[in-house]
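Here the structure is a predicted model, which means the values were calculated and not measured.
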Amino acid sequence: MATQGWLLRGLVFVICGTALIHGMPPQNPVRCNQNGCVLYNSYGVWGDRKDCKAPTVVYPTTEEELRLAVANANKNNVKVKVVTKFSHTIPKLACPMENAVLISTERYNSIINVDVHNLSVTADAGVSLRNLIDRVEQAGLSLVASPYWEGVSVGGMISTGAHGSSWWGKGGAVHDHVTGLKLIVPVNQSEGYAKVVNLQAHDPILNAAKVSLGMLGVISKVTFSLERGFKRSITFNFTNDDGIEKEFMEHAKKYEFGDIQWYPSRHTAVYRYDNRVPLNTSGDGVFDFLGFQSNLVLVSQATRASEKALDNARNVDGKCTLASSFVAVKKVIANGLKNNLIFTGFPVIGHQGKMQTSGSCLYTPEIRKDVSCAWDPRINGLFFYESTAIFPATKFADFISDVKKLRDMNPKNFCGVDIYNGILIRFIKASDAYLGQSEDSVVIDFNYYRADDALTPRLNQDVWEEVEQMAFCKYGAKPHWAKNRNLAFLNVQNKYPNFNKFLAVKKELDTKNMFSSEWSDEILFDKEGVKGDGCALEGQCICSQDSHCSPGKGYFCQQGLVYKEARVCRYSSSSMS
């Protein structure tokens, strides 16, 4: 356990010293040479571990340049995929076909027009969320909803259904605050091969375009509704998880921005008491979420090395020690909340723009190379999966009860997820977006260990496979479009009442399927990939025979322990166990 002791001392150093540390910003996701370009996500590896290649990338800076890029692709019968400067999507949404051009919005980010009178803001698609928020706050207004991670662009954020947490007002999903959108779509030669379509509120096409997965055209500008500036007051209550399945509904109704962080192996729930307060309320707090701060490279590497060693040794107790220590540290420092420079006590009160989203590791300059985002692929740091499921609120209590039954069989099997952030529970309202949530919903996110190579099984992987299948199969949860392993998207077409309306708009706007790809065809049109040896290990399939797991390493395809219809890869001395 020496490595773990060093790791925890290093973590304390990072917590106390992050404000003084500078280091590596994330790499550009598109990298080109004389042979063409490769698109990466921020984790350095896609779900299937295959590269996303394209012959070229273009960087428009104006709407007309953006239109010309689409027109040129249409004229030459070339497919198009739009990428951003961040590329934090986990599935291959932006991955092009071979004969395709990448259009990057990285340099299309100059316009942010705040309309104070009409309480709205219009921004270029490539504008970063942080720049948008800061400009809005400078005008004395606030953007109400945003994701917790600010490493997203305006266009990418709404295209994938990014969200925060709220059942109040218009809700926690960012796309539900969109009141207008300009979309560039292909047209015939007589119209110049591409045109700008200006979509306004109550336009049925806007309901398709707000969450479009980049499949209808290229988003040029987005208009969001705003509110008068306000502050927020946040308190975290660390308590026992008894009754969480009964209390989540009331919690969401009582706190405008409430969420729940659940650490199953610790039997701990962290209730976030989070409501707005008047601007004249004393406090200048910041939420600089611990997981999004810059970390010493050595600490990130030690974390990964420790977790890897424990996984290989099948050392559940060691993982539980790490989980217990990490949760304790998060409690001491309020998970990154700061009253000013440090956390001194609850409540923490601050302006909406400083409390709603974070991502300070994005901005570390290149002066030093010893700190970075913990998952930066250049440093061999954290490497994980992230599963996100969107439940109808009426089904969520039963899901939690099932997870507790699975947990109670052996709580130690859940320690792996508690090393990260446990299970984050958030809330979003029913949406009119065709690919948005169709009813008031509860969203869970959880991160868990991913092996260095695709054919290496993971300790207790059957537990997380069963939780996944409970969510997406038994309870019909919808997947978050920018997260998840491929299995989460099985049968996704039948989970959206307006799915056919979305496809009708796509057929109308993208007659040549310019914006489709192998991934989108597989996911949206139910063209399931071919199952092969080991495909279940990385969530590329649900196992139906032992070869889909790793029988040579003792992992066989077996039924779930609580959800018997689940098929998971479980460690066993034989396939008959």
Side-chain angles (χ1 to χ4, degrees), residues 18 24-27 29 40-44 83-91 93-94 105-106 123 125-134 143-166 172-175 177 211 224 232 234 257 259 261 272 274 286-295 300 330 335-338 350 352-364 372-377 381-390 420-428 443-448 479-484:
T18 16
M24 297 185 290
Q27 286 181 298
Y40 299 87
N41 63 15
S42 62
Y43 309 104
V83 299
T84 74
K85 69 175 290 185
F86 297 107
S87 191
H88 282 287
T89 179
I90 293 173
L93 277 171
T105 60
E106 178 179 351
V127 167
S128 73
L129 175 58
R130 173 47 57 194
N131 286 343
L132 178 73
I133 288 173
D134 287 349
L143 181 70
V144 177
S146 79
Y148 287 12
W149 166 246
E150 65 186 51
V152 293
S153 68
V154 162
M157 173 173 63
I158 67 164
S159 292
T160 56
H163 62 88
S165 181
S166 184
V174 185
H175 55 266
H177 296 257
V211 183
F224 299 94
R232 279 163 65 171
I234 301 178
F257 304 103
D259 67 27
Q261 199 97 35
R272 175 170 170 156
D274 187 347
V286 174
F287 192 12
D288 185 14
F289 174 60
L290 178 62
F292 298 157
Q293 296 178 16
S294 291
N295 280 265
S300 299
K330 289 175 183 178
N335 216 9
L337 275 174
K338 300 175 182 178
Q352 161 72 343
K354 298 296 185 183
M355 301 288 274
Q356 69 182 124
T357 189
S358 57
S360 56
C361 70
L362 288 165
Y363 312 109
T364 51
S372 70
C373 296
W375 58 85
D376 192 311
L382 302 188
F383 189 44
F384 49 81
Y385 298 111
E386 182 168 6
S387 293
T388 301
I390 304 171
Y420 293 88
N421 296 305
I423 297 176
L424 174 61
I425 301 170
R426 292 184 284 175
F427 309 97
I428 49 178
V443 186
I444 64 164
D445 297 78
F446 56 95
N447 298 79
Y448 47 111
H480 189 299
W481 293 111
K483 301 178 184 178
N484 290 305

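By the 4.5 Å heavy-atom criterion applied to side chains, N421 and F289 are counted as neighbours.
Looking at residues two or more places apart in sequence or on another chain, you find a side chain to side chain contact (heavy atoms under 4.5 Å, CB included) between P26 and L362, C373. Partners of Y148 under the side chain to side chain donor-acceptor pair (under 3.5 Å) rule, at least two apart in sequence or in another chain, are D259. Contacts of S387 classified as side chain to side chain donor-acceptor pair (under 3.5 Å), with partners at least two apart in sequence or in another chain: Y448, E468. Every residue was checked against the side chain to side chain donor-acceptor pair (under 3.5 Å) condition with T89, not counting sequence neighbours, and none meets it. Every side chain to side chain donor-acceptor pair (under 3.5 Å) that R232 has, sequence neighbours left out, goes to D274, Q352. In this structure, the salt bridge (Lys or Arg N to Asp or Glu O under 4.0 Å) partners of E386, at least two apart in sequence or on a different chain, are K483.
Of the inter-residue distances, the one linking I158 atom CD1 with H177 atom NE2 reads 12.5 Å to the nearest 0.5 angstrom. To the nearest 0.5 Å, atoms CZ (F446) and CZ (F384) are separated by 13.5 Å. For the atom pair L290 CG and K330 NZ, the distance stands at 7.0 Å (nearest 0.5 Å). Note that CD of Q261 and CD1 of I423 are 10.0 Å apart. Values are rounded to the nearest 0.5 Å. For the atom pair F224 CZ and S146 OG, the distance stands at 10.5 Å (nearest 0.5 Å). Note that CG of L129 is 5.0 Å distant from OG1 of T357, once rounded to the nearest 0.5 Å.
Taking each heavy atom of I133 and G353 in turn, the nearest pair found is CG2-CA, 3.6 Å. In plain terms, the two heavy atoms of T84 and S153 that are nearest each other are CG2-OG, 3.2 Å. Minimum heavy-atom separation, N447 to Y420: O-CD1, 3.6 Å. Between S42 and F86 the shortest heavy-atom distance is CB-O, 4.2 Å. Of all heavy-atom pairs between Q293 and S360, the closest is CA-OG, 3.5 Å. Looking at every heavy atom in both residues, V174 comes nearest to A145 through CG2-O, 3.8 Å.
Q356 places a side-chain N or O within donor-acceptor distance of the main-chain N or O of L143, the cut-off being under 3.5 Å. Under a 3.5 Å cut-off, the side chain of T160 and the backbone N or O of W481 do not form any donor-acceptor pair.
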Practice item. Carefully, step by step, assess F257 and S165 under the rule side chain to side chain contact (heavy atoms under 4.5 Å, CB included). Key: CA-CA 5 Å; F257 304 103; S165 181; 5.8 Å; no

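In this structure, W149 and H88 have perpendicular ring planes: the angle between them is above 60°, well past the 30° mark. The aromatic rings of H163 and H480 lie tilted to each other, with the angle between the two planes from 30° to 60°.
In this model, no donor atom of one side chain and acceptor atom of the other lie less than 3.5 Å apart for T388 and N484.
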